[in-house]
Amino acid sequence: MTILDGKKISNQIKDEIATEVSRMKERGEKVPHLAAVIVGNDGASLTYVGSKVRACERVGFESTLIRLPNTTSEVELLKTIKDLNENDDIDGFIVQLPLPPQIDTQQVLMAIDADKDVDGFHPTNFGKMALDMSTFIPATPFGILELLDRYSVETKGKHTVVIGRSHIVGRPMSILMGRKGFPGNSTVTLTHSHTKNITQITSQADIIISALGVPNFLKAEMVKDDAVIIDVGISRVPDDTKEKGYCICGDVDFENVSKKASYITPVPGGVGPMTIAMLLKNTLLARERHRANNK
Ligand code: NAP
């Protein structure tokens, strides 16, 4: 069994990006600038955004964090997005999800300039991804592809089962694993909360990508020998033995499933760090396109 070490690979990717940023500086070019907008005080969201800003500093990007109160209206948030769209100094930006209930997430995502949409959530970018065109791939699925690539995990002709059909993980993942090329060329089954007999489906899978957010959902009896297991889930589970009062738990019963798997991602240290690394990669791409368009 091989651990797909997202922490190690994400550090390699950050080093590669930092080298590219140093070269940009030597050439006297502007370095990439990522902005992040967060609405409200959700603890997990603040942690994620903090990690993204720190990652920007680590590779030499400029970063801007815009914090808005929980009471922000949709109109006010759309005005912030318009300003970021028009700010030539910003190469890419993200709006941290989830948003408070008074704001329509879809309206917000559609207001982001597709050329600055480094999360890859805008319908234009999602459509391009589905059509195999060059675009920003959502960071979590992009990170999973990169992990499979760097560990040379065979995907061609394999049966990939994706659990969860969210717009940010499961749905794009199912499209990407079925695309022509590597990683891809899989036969994909996309499962969700209405799927019947899910154990029957997962136990036939060569590759399982679990993104539902239910701690320890995937048990050893749901997995065949030598399967590749990608655990996207991040849940906070109360744990009095931890200083913070909770532990971070994936969707997979790691202790037992890892005994059967050929490759498996840990939680934490698997898909999570890859997501941040690929957001940086998308921001670098946004900077390169921005420069090319301004010539
Ligand atoms: P989401 O929007 O909450 O969607 C969950 C999906 O799981 C839905 O499609 C739902 O089906 C499906 N589902 C729920 N219960 C199920 C069941 N018993 N059997 C089969 N499918 C079931 O989730 P998300 O935003 O994709 O996030 C999923 C998990 O990944 C969360 O723990 C989140 O924190 C984590 N996450 C991690 C990263 C990372 O960087 N590692 C990034 C993003 C998300 P329906 O569509 O039928 O409701």
Side-chain angles (χ1 to χ4, degrees), residues 3-7 9-10 13-14 36 38 42-52 54-55 94-99 101 105-106 109 118-121 126 136-148 160-177 188-203 205 208-219 221-223 229-238 246-254 264-282:
I3 297 278
L4 297 169
D5 188 343
K7 200 168 176 200
I9 300 294
S10 68
I13 294 167
K14 286 183 201 161
I38 181 160
D42 177 67
S45 295
L46 284 167
T47 306
Y48 295 145
V49 166
S51 310
K52 289 168 187 175
R54 275 196 305 281
I94 59 164
V95 178
Q96 185 67 39
L97 303 179
L99 292 167
T105 302
Q106 207 55 44
L109 297 181
V118 285
D119 259 339
F121 296 161
F126 201 95
F136 301 115
I137 295 175
T140 302
F142 195 9
I144 294 169
L145 293 185
E146 193 71 19
L147 259 187
L148 295 170
T160 295
V161 172
V162 180
I163 311 177
R165 57 178 165 183
S166 74
H167 293 173
I168 62 170
V169 189
R171 186 79 56 84
M173 203 64 242
S174 67
I175 294 168
L176 291 161
M177 290 301 283
V188 180
T189 303
L190 180 59
T191 66
H192 45 76
S193 67
H194 299 280
T195 301
K196 292 197 167 61
N197 301 325
I198 197 160
T199 298
Q200 208 179 332
I201 297 169
T202 54
S203 55
I208 300 176
I209 300 173
S210 184
L212 72 160
V214 177
N216 292 320
F217 174 85
L218 194 75
K219 308 273 188 231
E221 57 269 25
M222 298 170 77
V223 171
I229 308 293
I230 308 289
D231 188 353
V232 184
I234 301 178
S235 302
R236 288 184 177 195
V237 176
Y246 64 84
C247 65
I248 296 295
C249 198
D251 289 350
V252 177
D253 173 6
F254 184 88
I264 188 166
T265 59
V267 176
V271 175
M274 290 301 294
T275 297
I276 295 183
M278 303 322 275
L279 175 67
L280 298 176
K281 210 156 183 175
N282 275 342

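Just follow the structure's listing: the first ligand is 1, and inside any ligand the first atom is 1. Fair warning: this is a prediction, and the values are worked out from it, not measured in the lab. Starting from 1, each residue takes its place in the sequence as its number.
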>> Test of understanding: given a 4.0 Å heavy-atom threshold, classify the contact between Ile163 and ligand 1 as side chain, backbone, both, or neither.
In response: side chain

>> Please compare Ala139, Pro141, Ser193 and report which has the shortest non-hydrogen distance to atom 48 (O) of ligand 1.
In response: Ser193

>> Among all the protein's non-hydrogen atoms, which is closest to atom 42 (C) of ligand 1, and how far away is it?
In response: Thr140 OG1, 3.3 Å

> Nearest protein heavy atom to atom 21 (N) of ligand 1, by residue and atom, and its distance?
Replying inline: His192 C, 3.1 Å

>> How far is atom 27 (O) of ligand 1 from the closest protein heavy atom, and which atom is that?
In response: Ala211 O, 4.6 Å

>> Pairs of nitrogen or oxygen atoms closer than 3.5 Å, one from Arg165 and one from ligand 1: do any exist?
In response: yes

>> Could you identify the single nearest non-hydrogen protein atom to atom 32 (O) of ligand 1 and state the distance to 0.1 Å?
In response: Ile234 N, 3.0 Å

> For atom 17 (C) of ligand 1, which candidate among Leu218, Leu212, Ile198 provides the closest heavy atom?
Replying inline: Leu212

> When you look for heavy atoms under 4.0 Å from ligand 1, do you find them on the side chain of Val232, its backbone, both, or neither?
Replying inline: both

> In Å and rounded to the nearest 0.5 Å, what is the CD1 to CG distance from Ile209 to Leu148?
Replying inline: 6.5 Å

> Which atoms from ligand 1 have a heavy atom of Thr275 less than 4.0 Å away?
Replying inline: 39 (C), 40 (O)

> Under the 4.0 Å line, does any protein heavy atom show up next to atom 36 (N) of ligand 1?
Replying inline: yes

> Which pairs count as side chain to side chain donor-acceptor pair (under 3.5 Å) when at least one residue sits in residues 265-278, sequence neighbours excluded?
Replying inline: Thr140-Thr275

>> I'd like to check which ligand 1 atoms, numbered from 1 as shown, lie under 4.0 Å from a non-hydrogen atom of Gly272.
In response: 40 (O), 41 (N)

> When rounded to the nearest 0.5 angstrom, what is the spacing between CG in Leu145 and CE in Met278?
Replying inline: 8.0 Å

>> So for atom NZ, which belongs to Lys14, do other residues, nucleotides or ligands contribute more than 12 heavy atoms lying within a distance under 6.0 Å?
In response: yes

> Counting each atom of ligand 1 from 1 as listed, which ones have a heavy atom of Gly164 under 4.0 Å away?
Replying inline: 6 (C), 7 (O), 9 (O), 12 (C)

>> Checking a contact table here: which protein heavy atom is nearest atom 44 (C) of ligand 1, and how many Å away?
In response: Val169 CG2, 4.0 Å

> What protein heavy atom sits nearest atom 31 (C) of ligand 1, and how far away is it?
Replying inline: Gly213 CA, 3.7 Å

>> Closer than 4.0 Å to some heavy atom of Phe217 - which atoms of ligand 1 meet that?
In response: 18 (N), 19 (N)

>> Checking a contact table here: which protein heavy atom is nearest atom 25 (O) of ligand 1, and how many Å away?
In response: Ile168 CD1, 3.7 Å

> Do any nitrogen or oxygen atoms of Thr191 lie less than 3.5 angstrom from nitrogen or oxygen atoms of ligand 1?
Replying inline: no

> Taking atom CD1 of Ile201 and atom OG1 of Thr191, what is their separation to the nearest 0.5 Å?
Replying inline: 6.5 Å

> To which protein heavy atom is atom 4 (O) of ligand 1 closest, and what is the distance rounded to 0.1 Å?
Replying inline: Ser166 CB, 3.9 Å

> Purely on distance, is any nitrogen or oxygen of Ser235 under 3.5 Å from one on ligand 1?
Replying inline: no

